[in-house]
Number of protein chains: 2
Amino acid sequence: MLTNPPPRPSAHLWCHACPLRQKQAFHPKSAEEVDFLAEMKMDHRRIAAGQEIIFPGQADAELFTLFSGWAFRYKVLADGRRQILNFLLPGDLMGLQASLLSVAQHGIEALTDVEVCVFPRRKVWDLFVKMPQLAYEVAWLGSREESLIDENLLSIGQRNATERIASLVISLYRRAEALGLVNDRSFVFPLSQQQLADALGLSLVHTNKTWAKLRRAGLFSFAQGRLTLENPRLTERIAAQYERDFAQRPLL
Amino acid sequence: MLTNPPPRPSAHLWCHACPLRQKQAFHPKSAEEVDFLAEMKMDHRRIAAGQEIIFPGQADAELFTLFSGWAFRYKVLADGRRQILNFLLPGDLMGLQASLLSVAQHGIEALTDVEVCVFPRRKVWDLFVKMPQLAYEVAWLGSREESLIDENLLSIGQRNATERIASLVISLYRRAEALGLVNDRSFVFPLSQQQLADALGLSLVHTNKTWAKLRRAGLFSFAQGRLTLENPRLTERIAAQYERDFAQRPLL
DNA sequence: CGTCACATTGACAGGCTTCAAACTGAGTGG
DNA sequence: CCACTCAGTTTGAAGCCTGTCAATGTGACG
């Protein structure tokens, strides 16, 4: 079930009219750059929620841009304990680390049904030779992902359960907002509590209790898979997180 | 005290005879590539232990290669809690994230006295245009750092105190070993227990007690600033960490 | 109406943090 | 040469935050 050719004209034509690229969150690109990417793009796949996009240890993983839906990167220990490293939202690059290091030290799983743009990893080197501007943007996106992970590491290493949840909620809220996915302080929040727990480094039970405590405290509410930030100020204060996301970023 | 011109011929000449580059840990480079780097290198600085190499929030941080000594990346919360994100050993790139994102979302501090090679950040773009091979290696090093952080995040999120310490010790041991810094299972281990605690996401007291427990258990010993891995097998088993570092990697 | 995944709640145990104090070794000045 | 200081290390005790175990509730689905 990993691939399902979409009912669209051709991948090449599709890139030039990419609706994601219209969003303010992304830098505009020159026609030449879009041409190159459209040429490089080898597929547009749909992947169902819960399916792997990249398997841990996979050696030939391609490079992806998440086109729609949510995904997450994770690592597991031998005994099954799982850590979710970070969440991926539309426009995020996936598989860069695996492409460059030639092996995936992590897995990537679709959190919701997703669509992805597929770029062959063997052409990444081409991109560095022919399109230095795009190569620079690839490196930029890699650094941005590292910055997000740094923040998660700070959270899990130093913040208590309450602060971690507030921090994660704020962070996802801001990223969704940048993509225009927030309406009236409310956005689709597709994580199960088990996934929340695995991302926060907490047990399921404690995650549930702290999550409930924060809802009762009026920080946010959750219903029908949508989260509403009722009290952004207080949530930010508890999270003690002041970093803003970047105004604009590259999109491959 | 940040800079101290070393008593060496010229930075340019120095690169071609770089002793670090001789090590097996690093890919060989073409003469043309070394020429480019020697030309790009703007300084060779000594920085004393405890001094900042990059300040949190700094906007104009240059790009560095750690030439000798140890350093670490960190983030702090408003109330002073500090998380050490990862440790940097000779050959590691520093400031890539800050150079690309134009602002340092983290700090970098010298753990021991260090020497660093300084490359101007305004020439990073040059490197992407003129030397795609080097640009690719820069991106590769960025991905490797992300991979190290992923492992730390897994550790802090999922492993208990005992496992975290075993994991950190093994990881640093392997990296030191790759650089030829290990003799007879023993290597310089310059971390204070407070720094250990900040890297592990544990309190100082609990770090001390667990550290002592593992020494008594015969995993490793520590004296005169040197750590000796007495029982690598057992340490690896407790760490439940099976990832190997890469055989070779780029050096700028 | 049973099944199944997921969410919720209660009780209890324990790993870890906090507080506090003593110890150690290196550097310093009398 | 010996107090003295100071940073870092070590140890003990008490308590809480978080994990584990166990059971119940809930909504979607066939």
Side-chain angles (χ1 to χ4, degrees), chain A residues 48-51 77 79-84 109 111-113 155-169 188-217 220-227 238, chain B residues 48-51 70 72 77 79-84 109-113 155-168 188-217 220-227 238:
Chain A
Q51 298 297 306
L77 291 173
D79 61 7
R81 284 176 286 179
R82 177 176 76 167
Q83 178 64 39
I84 290 182
E109 183 179 319
L111 180 59
T112 65
D113 291 347
S155 239
I156 295 182
Q158 302 300 326
R159 292 195 244 247
N160 64 27
T162 305
E163 295 167 332
R164 285 185 216 180
I165 290 183
S167 183
L168 180 61
V169 166
V188 172
F189 192 88
L191 312 203
S192 73
Q193 297 200 351
Q194 183 62 66
Q195 288 161 342
L196 257 178
D198 287 347
L200 296 167
L202 296 170
S203 70
L204 173 60
V205 174
H206 195 62
T207 299
N208 176 283
K209 287 173 179 168
T210 309
W211 180 258
K213 186 186 80 175
L214 291 188
R215 275 184 295 155
R216 279 196 299 271
F220 52 81
S221 57
F222 180 77
Q224 278 95 46
R226 294 186 67 87
L227 187 147
I238 290 176
Chain B
Q51 298 297 306
W70 291 34
F72 60 84
L77 291 174
D79 61 7
R81 284 176 286 177
R82 176 176 76 167
Q83 178 64 40
I84 291 183
E109 182 179 320
L111 180 58
T112 65
D113 291 347
S155 240
I156 294 182
Q158 302 299 326
R159 291 195 246 247
N160 64 26
T162 304
E163 295 167 331
R164 284 185 217 181
I165 289 182
S167 183
L168 179 62
V188 172
F189 192 88
L191 311 203
S192 72
Q193 297 200 351
Q194 182 63 65
Q195 288 161 342
L196 258 178
D198 288 347
L200 297 167
L202 296 170
S203 70
L204 173 58
V205 173
H206 196 62
T207 298
N208 175 283
K209 286 174 180 168
T210 309
W211 181 258
K213 186 186 79 175
L214 292 189
R215 276 184 295 155
R216 279 195 301 271
F220 52 81
S221 58
F222 180 76
Q224 277 96 45
R226 293 184 70 87
L227 188 147
I238 290 177

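The shown structure was predicted, so the numbers you read here are calculated from the model rather than taken from an experiment. What's counted below: heavy atoms across the whole structure, side chains too, no hydrogens, waters or symmetry copies.
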Beyond-backbone contact of A:F220 with A:R215, side-chain heavy atoms, under 4.5 angstrom: yes
Minimum heavy-atom distance B:G157-A:I156, with the two atoms named: CA-CG2, 3.7 Å
Nearest to side-chain heavy atoms of A:N208, which nucleotide of C:dA7, D:dG12, D:dT10: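 Nearest to the side-chain atoms of A:N208, counting from C-beta on, is C:dA7.
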Any N/O donor-acceptor pair, B:K209 side-chain to D:dG12 base, under 3.5 Å: yes
Distance test, side-chain N/O of A:Q194 to OP1/OP2 of C:dC6, below 4.0 Å: no
Under 4.0 angstrom between B:R216 side-chain N/O and D:dT10 OP1 or OP2: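 The answer is no; no side-chain N or O of B:R216 sits under 4.0 Å from OP1 or OP2.
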Positions of residues 195-207 of chain A (non-hydrogen atom under 4.0 Å from DNA chain D), listed by number: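 When residues 195-207 of chain A is checked for heavy atoms under 4.0 Å from DNA chain D, the hits, listed by number, are A:G201, A:L202, A:S203, A:V205, A:H206.
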What is the distance from [atom1] of [X] to [atom2] of [N], rounded to the nearest Å?
X	N	atom1	atom2	value
A:W211	D:dT18	CH2	C1'	19 Å
B:R164	C:dT17	CZ	C1'	13 Å
B:L214	D:dT9	CG	P	16 Å
A:Q158	D:dC17	CD	C1'	15 Å
B:L227	D:dT9	CG	C1'	16 Å
B:R215	D:dT11	CZ	C1'	13 Å
A:R159	C:dT17	CZ	P	17 Å
B:N160	C:dG14	CG	C1'	12 Å

Evaluation steps, side chain to side chain contact (heavy atoms under 4.5 Å, CB included), between B:I165 and B:I238: CA-CA 9 Å; B:I165 289 182; B:I238 290 177; over 6 Å; no
Is the backbone of [Y] close enough, under 3.5 Å, to the side chain of [X] for a donor and an acceptor to pair up by distance?
X	Y	answer
B:Q51	B:A48	no
A:Q158	B:R82	yes
A:Q83	A:A199	yes
B:R164	B:R159	yes

Evaluation steps, side chain to side chain contact (heavy atoms under 4.5 Å, CB included), between B:L202 and B:T210: CA-CA 10 Å; B:L202 296 170; B:T210 309; 5.5 Å; no
Aromatic ring pairing B:F222/B:W211, orientation class (parallel under 30°, perpendicular over 60°, tilted between):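 It falls in the perpendicular class, over 60°.
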Touch class at under 4.0 angstrom, heavy-atom based, for B:R81 against every strand present: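 No contact at all - B:R81 keeps every heavy atom at 4.0 Å or more from the nucleic acid.
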Sugar-phosphate or base contact per nucleotide [nucleotides 23-30 of chain D; S, B, -; heavy atom under 4.0 Å]: --------
